[in-house]
Amino acid sequence: MHRDFTSYLSHPVFKVIKKYLEDNEGSAFVIGGFVRDLLLEKKSKDIDIVVYGDGLEFAKNVAEILRVKKVSVFKNFGTAHFRYKDVDVEFVTARKESYSKDSRNPKVSPGSLKDDQYRRDFTINALAINLHPSSFGELIDPFNGETDIENGTIRTPLDPSETFSDDPLRMLRAIRFASQLDFKIDISCLKSIRDQSERIKIISRERITDEINKILMSPCPSRGFKLLKSTGLLEYIFPELLELSGIETINGKSHKDNFLHTLQVVDNVSKTSDKLWLRWSALLHDIAKPPTKRFDKKIGWTFHGHEELGSKMVPRIFKYHRLPLDAKMKYVQKLVRLHLRPIALVKGSVTDTAIRRLLNEAGEDVEDLMLLCNADITSKNEFKVKRYQENFKLVSEKLQAVEEKDKIRNFQPPVKGEEIMKSFNLGPCYEVGVIKSKIKEAILEGEIPNSYDDAKALMLTIGREMGLEIKESLN
Ligand code: CTP
């Protein structure tokens, strides 16, 4: 008994394909992620079509009916692609020949769709729906992908070692889907990933990073990262993260497992924000703990300077993972560098000066920094967590109050370099920088208000003290 999915195929692309097949020879099926997402009741932005016959010609004809002008054809791969409104539509030619044992003549057989389905990564991605008018909307599910979706299982249509050996990226995809969908990976798949994890080395960094980003964007990213570690993949794709793992004990004093702590921070931050780069900041916030780890007989384990060193490690890590080396990287560097500052405020006395300094350094990203720091509170002691979080609220309120009063965020000293040069008949020189930074310091320290008149008065005082010649009209 076949299930009918006609009512889900209302997209114009499907209607046009159906009409085209009423008037022309051939067969076509929607397959892969679109069908999986349909069964999961999720919206999908990509449509993949498998075609019997000349898939490239088929794509061009369908595009013409839809009045799509640009069709990209990749002859070598037997694929064609176009964009219709906000949907990417890809056509693939199915292998239509099948050879029987006793004949060398290829014959078209209904098995050719199954051949295509066999070659896909997971049963949940191998589901197809017929688009031919005679069976429009019929689900074709030779490997019980629908049941696997219901049970939340990632399984391969073929022996997993074969599926993963065809394309080792699929080992990462298995973990990514498990993390995104909160599915479990079938035991034989897991074993196979463990057995051939080293083969991930042949996959390009870009494709690996794409999967890491998808794991990071899943609802509970720790699930994916724990699987990466237990399968052995982490060692090859992110050795610095693996370094965080483990507990050392000296004289009965242990430090926490920084890998598990990091993952908890990533999960915590993911509950409050969908920003990929904030999640990256959480992933890297303690990345320099292993190289800064020391044991002191009196105070126990320390990680002095891990925030500074961590921030310095970010560009190398971004380069390695082919991540953008632009403002996004700077943002991550900044959050890693500042991640201890709010907590230091919480523990110590919260002076206006300390708050102004933090606001000045964090600028636009101060809220994200607070989210990261809040997520960083992972103590098992509920009482401690509660106390920290309450103090945190105080710091947040204070940050807001100081910002309203002093407008320090994105703060530029109210007297510009040019005005300093004019006032003292100077060209660009060392003295101008000194005066500028003294004014900035005075504002941050709360010695003068953040206003033009006060800053200018201070500028003149400093100039006099430095023995500079002052423009006549100002004297
Ligand atoms: N596929 C595969 N092996 C891969 C990549 C993809 O077998 N290494 C197949 C799967 O059937 C998949 C389809 O190609 O469903 C489309 O791949 P892709 O667009 O990369 O992924 P989706 O499954 O659609 O998922 P997402 O869009 O979340 O990446």
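First listed ligand is number 1; within each ligand, the first listed atom is number 1.
No option in F29, Y20, Y8, F34 other than F34 meets the ring pair (Phe, Tyr, Trp, His ring centres under 6.0 Å) test with F14.
Among pairs with a residue in residues 180-236, none fulfils ring pair (Phe, Tyr, Trp, His ring centres under 6.0 Å), at least two apart in sequence or across chains. Listed by first and then second residue, the side-chain hydrogen bond (donor to acceptor under 3.5 Å, both in side chains) pairs involving residues 315-326 are R205-Y320, E206-R322, E240-R316 (not counting sequence neighbours).
Using a 4.0 Å cut-off between charged nitrogen and carboxylate oxygen, E390 and K386 count as a salt-bridge pair. Taking 4.0 Å as the cut-off between side-chain N and carboxylate O, D86 and K45 count as a salt-bridged pair.
A distance limit of 4.0 angstrom between heavy atoms and ligand 1 selects the residues G32, G33, R36, D48, R120, D121, N125, D167, R170, R173, R176, F177, K214.
Under the side-chain contact (heavy atoms from CB on, under 4.5 Å) criterion, K334 pairs with R337, L338, D365, not counting sequence neighbours.
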